[in-house]
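Written below as structure tokens is the structure these notes are about.
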Amino acid sequence: MTDQIRTRIAPSPTGDPHVGTGYMALFNRAFAHKHGGKFILRIEDTDQVRYNESSVGEIMKALDWLGLTPDEGPGIGGAYGPYVQTQRSDLYKEHAEQLVAMGKGYRCFCTKERLDQMRKEQEARKEPPHYDHTCLRLSPEEVGRNLAEGKPYVIRIRIPDEGATSFNDLIRGEIKFENRVLDDTILLKSDGLPVYHLAVVVDDHYMEISHVIRGEEWISSTPIHVLLYQHFGWVPPKFAHMPLMRNADRSKVSKRKNNTSLKWYREQGFLPEGMVNFLALMGWSMPDGNEVFAYEDVEREMDLGRVTTSGPIFDLVKLTAINGKHIRMLSDDDLYNRLVPYLPEGIDMDRVRQVVPIIKDRLTRLGEFMELTDFFFGPPSDYDASLLVPKKATSVQAKDALQKIRALLESLPEPWTHEAWEVGMRAIAEELGVRAGDVFMILRVATSGRTASPPLFESLEVLGKGETLGRVDAALGKLK
RNA sequence: GGCGCAUUCGUCUAGAGGCCCAGGACAUCUCCCUUUCAAGGAGAAGAUCAGGGGUUCGAAUCCCCUAUGCGCUACCA
């Protein structure tokens with residue numbers, strides 16, 4: 001065994017890549033890499049019922065997107081493969097049998113029905129549901145007979161009746177469980193595939209995982225894992241249980257109450273940098289308190305001792321704010337390139353390039369681009385003529401002002417300069433005895449169809465004289 | 001129910017006995033900047049540190065109890 005730091009994430013391919021997977025990947029990778037170690041992806045696909053074909057690829061794609069590509073894993077390679085559990089089934093089966101041979105496990109022939117019944121009765125008696133050891137008491141002859149008859153069976157772990165099992169959690173300290181509250185959990189299913197508890201221990205051992213950094217939800221089953229290490233005579237890894245991300249109601253983050261698919265965040269145009277930054281802030285903080293940072297910073301400063309113990313609520317508003325900050329840190333070129341996948345087919349890319357610098361401060365997600373800038377790429381969507389009329393003014397007055405504006409625009413030779421344009425606009429306001437802002441607003445609405453837009457002059461510059469005049473004429477037509 | 005983990009502003013957090021009648025960020029509000037909206041800047045408001053007992057000269061920080069929340073309690077992971 002090497003003393004290299006090796007961490008892993010072990011997602012199940014049961015659906016869309018989950019934010020929780022990204023969250024765990026971030027901490028596992030940062031921790032391993034900080035210490036010059038390796039970060040491994042292992043696919044836990046032993047639940048064939050919930051298995052989803054495309055899921056493995058999606059998980060890998062999502063990790064790549066986040067910049068959290070594993071060092072070893074399916075399709076990546078490594079000296080500890082295969083990295084997909086169904087391809088290692090013999091290993092688990094072998095070890096389950098070994099447990100039986102050592103008397104640390106036993107075959108159980110109980111049917112699902114009997115188990116359900118037993119559980120129901122125990123619950124009725126207000127007892128904690130526990131396997132009742134029926135098959136533990138089977139004589140070797142009975143077991144042999146059952147086997148000969150081809151009766152399906154599972155293999156259970158034998159939990160010691162006495163004593164306690166404890167482990168030192170890197171985040172929470174000593175955690176201890178009385179053995180009598182532990183169940184003789186099933187390790188090998190009747191289909192011959194392992195259950196998580198067996199597979200995780202066997203794999204972590206053979207893959208030489210040094211640190212198991214996983215969600216808090218696993219604390220309760222960790223003693224089973226520790227016992228398994230003991231039964232096999234293996235040295236257990238170090239454990240660190242991260243807090244669970246929560247919905248607003250504090251329940252474990254779920255599809256029903258949050259967007260949990262990393263694909264969704266990507267589609268919305270959250271930057272991988274923003275996502276990683278936000279995820280790092282869930283239950284962790286930089287020593288200097290800085291809240292806007294890159295993955296490299298997380299890696300440099302990673303320290304499991306700084307992980308919080310209580311479950312943070314996943315707050316889309318904060319994610320959005322952080323994402324906006326990352327967008328603003330992008331160069332115009334970079335932003336332009338990243339925008340490409342979010343734009344409709346056939347859009348005028350030259351114009352996109354012109355619009356980027358004036359929309360950057362206003363973007364919080366890449367996917368927001370079109371809805372903020374649609375009027376640059378086609379006529380303004382239909383707007384109410386009343387928007388053209390300043391408060392306390394009449395339609396006639398607005399029309400008069402707009403005509404004056406049109407004349408000004410018409411008279412200015414291209415290329416327009418900010419100075420000439422602005423001086424003229426302010427002169428119109430003065431002549432009309434209205435606030436300059438009102439005059440600007442009329443033009444804004446006439447050209448963009450909205451009352452909130454990027455800076456007017458820069459926008460007109462992008463539109464060009466012809467298009468601007470055309471829109472002003474259309475607006476004139478709307479006014480009586 | 002049992003077991004386990006947790007509990008600092010609405011939210012994310014700083015805080016490892018005196019520097020804290022608790023600091024920062026997001027959100028909110030105000031002001032500045034300003035042609036709108038943003039961005040940026042400056043402020044305000046917001047936490048009796050879940051409650052109660054201890055320990056200590058001194059506790060958000062240590063111990064105990066209670067409450068509450070969450071997780072696990074599947075031939076799921």
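Numbers restart at 1 for each chain; the letters A, B, ... are given by sequence-line order, proteins then strands. The structure presented is a predicted model; accordingly, all values stated were derived computationally and were not measured.
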request  = Would you please confirm or rule out a distance under 4.0 Å between OP1 or OP2 of B/C37 and any side-chain N or O of A/Lys360?
outcome  = no
request  = If B/A39 has a Watson-Crick or G-U wobble mate with both distances under 3.5 Å, name it; if not, just say none.
outcome  = none
key: Residue-phosphate contact under 4.0 Å: A/Lys325 side-chain N/O, B/A25 OP1/OP2   = no
task = Ignoring backbone atoms, establish whether A/Arg328 has a side-chain N or O less than 4.0 Å from OP1 or OP2 of B/G40.
result = yes
Side-chain N,O (A/Arg250) to OP1/OP2 (B/C12) below 4.0 Å = yes
ask   = Is the phosphate of B/A77, meaning OP1 or OP2, less than 4.0 Å from a side-chain N or O of A/Arg214?
value = no
inquiry  = Once you apply a heavy-atom cut-off of 4.0 Å, does A/Thr46 come out as touching a base, just sugar-phosphate, or nothing?
reply    = sugar-phosphate
request  = Could you give the distance separating B/G54 and B/A14 at their P atoms, to the nearest angstrom?
outcome  = 30 Å
query = So, is A/Ser220 close to the B/G71 phosphate, meaning a side-chain N or O under 4.0 Å from OP1 or OP2?
reply = no
key: Nucleotide nearest A/Phe177 (side chain, heavy atoms from C-beta), chosen from B/C3, B/U13, B/U35   = B/C3
query = Between A/Phe440 and A/Trp421, is a ring-ring contact (aromatic ring centres under 6.0 Å, His included) present by the stated rule, with each step listed?
reply = CA-CA 11 Å; A/Phe440 285 106; A/Trp421 177 85; 5.6 Å; yes
ask   = Base, sugar-phosphate, or nothing for A/Pro312, non-hydrogen atoms under 4.0 angstrom?
value = sugar-phosphate
inquiry  = With a cut-off of less than 4.0 Å, is there a side-chain N or O of A/Lys189 near OP1 or OP2 of B/C76?
reply    = yes
request  = Test for a donor-acceptor pair under 3.5 Å between the base of B/C5 and the side chain of A/Arg172, counting only N and O atoms.
outcome  = no
ask   = Considering only the C1' atoms, how many Å lie between B/A45 and B/G53, rounded to the nearest integer?
value = 34 Å
